[in-house]
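Shown next, in structure tokens, is the structure this report addresses.
Any value given below was found using the heavy atoms of this structure, including those in side chains, with hydrogens, waters and symmetry copies removed.
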Amino acid sequence: MKKIITILGLFVLTSVVAGCSWTDRQIGPNDYEISGYFDFTMKGEVVVKGLEDQARLYCKGIRENSVPQVYYITDKNRIFNYEAQRASAVIRFHCIPNN
């Protein structure tokens, strides 16, 4: 049973990762940007939530006890009848100590 749950979990993770993509970069001394898209949604705000999760992991990778302070968000919803338009978003943030 445990093996089946593990295999199903890996399948779901693979499916989700296959449908999304993001890039991160440092744009200043403590300024970072993450942008990306997600194929399994039509709403840009859902992509924003995923990027905020990535920002949390990014900040923890920089300093164990830090969290993102998002200061810029932009998103686009998916447009039907146009294959290249995916739900996408960009966030910019600072990593600050978690109080």
Side-chain angles (χ1 to χ4, degrees):
M1 182 69 165
K2 198 174 194 179
K3 186 176 182 178
I4 292 172
I5 291 172
T6 302
I7 291 170
L8 286 174
L10 289 173
F11 175 75
V12 169
L13 179 63
T14 303
S15 298
V16 169
V17 170
C20 67
S21 177
W22 65 85
T23 58
D24 54 56
R25 65 188 183 119
Q26 187 168 358
I27 57 175
N30 186 26
D31 291 310
Y32 306 94
E33 178 180 272
I34 297 180
S35 60
Y37 66 85
F38 191 52
D39 283 337
F40 298 117
T41 185
M42 293 173 280
K43 301 235 179 222
E45 62 195 39
V46 174
V47 180
V48 168
K49 296 297 180 199
L51 295 181
E52 287 174 340
D53 290 342
Q54 290 302 318
R56 275 191 282 286
L57 292 173
Y58 194 91
C59 286
K60 280 189 177 190
I62 293 172
R63 252 177 279 127
E64 181 60 36
N65 196 26
S66 65
V67 294
Q69 179 184 45
V70 177
Y71 65 86
Y72 174 82
I73 297 174
T74 184
D75 63 78
K76 293 181 183 175
N77 293 331
R78 180 175 183 187
I79 299 173
F80 290 107
N81 301 327
Y82 184 60
E83 281 185 38
Q85 179 64 47
R86 298 174 164 136
S88 61
V90 175
I91 65 169
R92 292 183 182 158
F93 60 96
H94 308 289
C95 293
I96 62 170
N98 186 12
N99 294 333

Nearest heavy-atom neighbours spanning Phe93 and Glu33: CE2-N, 4.4 Å
Rounded distance (nearest 0.5 Å) linking atom CZ of Arg92 with atom CZ of Arg25: 6.5 Å
Geometric cation-pi criterion, Arg86 with Tyr37: 6.0 Å, 45°: yes
Verify same cluster id: Ile96, Leu57 (apolar side-chain graph, 4.5 Å): no
Hydrophobic cluster membership, Phe38 vs Val90, 4.5 Å side-chain cutoff: no
Smallest separation among heavy atoms of Gly36 and Leu51, with atom names: N-CD1, 3.9 Å
Geometric class of the His94/Tyr71 ring pair [parallel <30°, tilted 30-60°, perpendicular >60°]: parallel
Single-linkage hydrophobic cluster Tyr72~Ile34, side-chain heavy atoms < 4.5 angstrom: no
Stepwise side chain to side chain contact (heavy atoms under 4.5 Å, CB included) test for Glu52 and Ile73: CA-CA 10 Å; Glu52 287 174 340; Ile73 297 174; 4.0 Å; yes
Worked check of side chain to side chain contact (heavy atoms under 4.5 Å, CB included) between Asp31 and Gln26: CA-CA 6 Å; Asp31 291 310; Gln26 187 168 358; over 6 Å; no
Single-linkage hydrophobic cluster, 4.5 Å side-chain cutoff, Val67 and Val70 together: no
Non-hydrogen side-chain atoms of Ile91 and Tyr32 separated by less than 4.5 Å: no
Atom of Gly44, atom of Ala87 and distance for their closest heavy-atom approach: N-CB, 4.2 Å
For Cys95 against Asn30, the heavy-atom pair lying closest together: O-ND2, 3.1 Å
From CD (Glu64) to CG (Asn98), nearest 0.5 Å: 10.5 Å
Under 3.5 Å: donor-acceptor pair, side chain of Ser66, backbone of Cys59: yes
